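For reference, the structure discussed in these notes is given below.
Only a predicted model underlies this, so the values are computations on that prediction, with no experimental measurement involved.
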Amino acid sequence: DATLAICKGWPKGQIPADFHEPVQSDLPVLLIAGEYDPASPLELAEKAARHLPNGALVRVVNRSHWGLRGNRCIRRLVSTFLDKASVDDLDLSCASQFKRPPFELGK
């Protein structure tokens with residue numbers, strides 16, 4: 001197979017024994033996950049959040065990750081988080097107010 005042949009020349013390194021262990025940190029972390037995201041499911045963000053005691057998980061209803069970056073609610077949350085360098089007292093309520101987008105056929 002051509003793919004395997006290409007991989008033979010790829011540099012190899014050692015994978016640390018704890019490579020598959022969850023990241024654990026006391027640093028402030030803001031996780032943002034869409035309720036309907038098939039690429040990075042909400043369940044994975046929930047698992048990661050369990051190991052981040054100074055983290056907050058923003059569960060965005062009725063959305064995947066597509067289009068969240070430019071959203072006013074998400075921009076405000078990220079901006080506030082970066083300004084404060086903390087998730088303490090971060091108001092996540094706007095993430096529960098997303099309406100399901102209308103169904104549209106491609107043009």
Please set out all donor-acceptor pairs under 3.5 angstrom arising from side-chain atoms of residues 79-87, sequence neighbours excluded.
{"unit_1": "T80", "atom_1": "OG1", "unit_2": "R76", "atom_2": "O", "d": "2.9"}
{"unit_1": "K84", "atom_1": "NZ", "unit_2": "D88", "atom_2": "O", "d": "2.4"}
{"unit_1": "S86", "atom_1": "OG", "unit_2": "D88", "atom_2": "N", "d": "2.9"}
{"unit_1": "S86", "atom_1": "OG", "unit_2": "D88", "atom_2": "OD2", "d": "3.4"}

Show the atom names and distances, to 0.1 Å, of all donor-acceptor pairs under 3.5 Å that link a side chain in residues 10-35 to residues at least two apart or in another chain.
{"unit_1": "K12", "atom_1": "NZ", "unit_2": "K8", "atom_2": "O", "d": "3.4"}
{"unit_1": "S25", "atom_1": "OG", "unit_2": "L27", "atom_2": "N", "d": "3.0"}
{"unit_1": "E35", "atom_1": "OE1", "unit_2": "N62", "atom_2": "N", "d": "2.7"}

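Side-chain contact between Y36 and L42 is absent, with no heavy atoms from C-beta onward closer than 4.5 Å.
Note: the hydrophobic cluster containing L77 also contains V61 (ILVMFWY, side chain heavy atoms under 4.5 Å, direct or indirect links). A single hydrophobic cluster is seen to contain both V60 and V78, as judged by linkage of ILVMFWY side chains at heavy-atom distances under 4.5 Å, directly or through other members. In the hydrophobic cluster analysis, where Ile, Leu, Val, Met, Phe, Trp and Tyr join through side-chain heavy atoms closer than 4.5 angstrom, L90 is grouped together with V58.
For residues 57-66, the salt bridge (charged side-chain N to carboxylate O under 4.0 Å, His left out) pairs, not counting sequence neighbours, are E46-R59.
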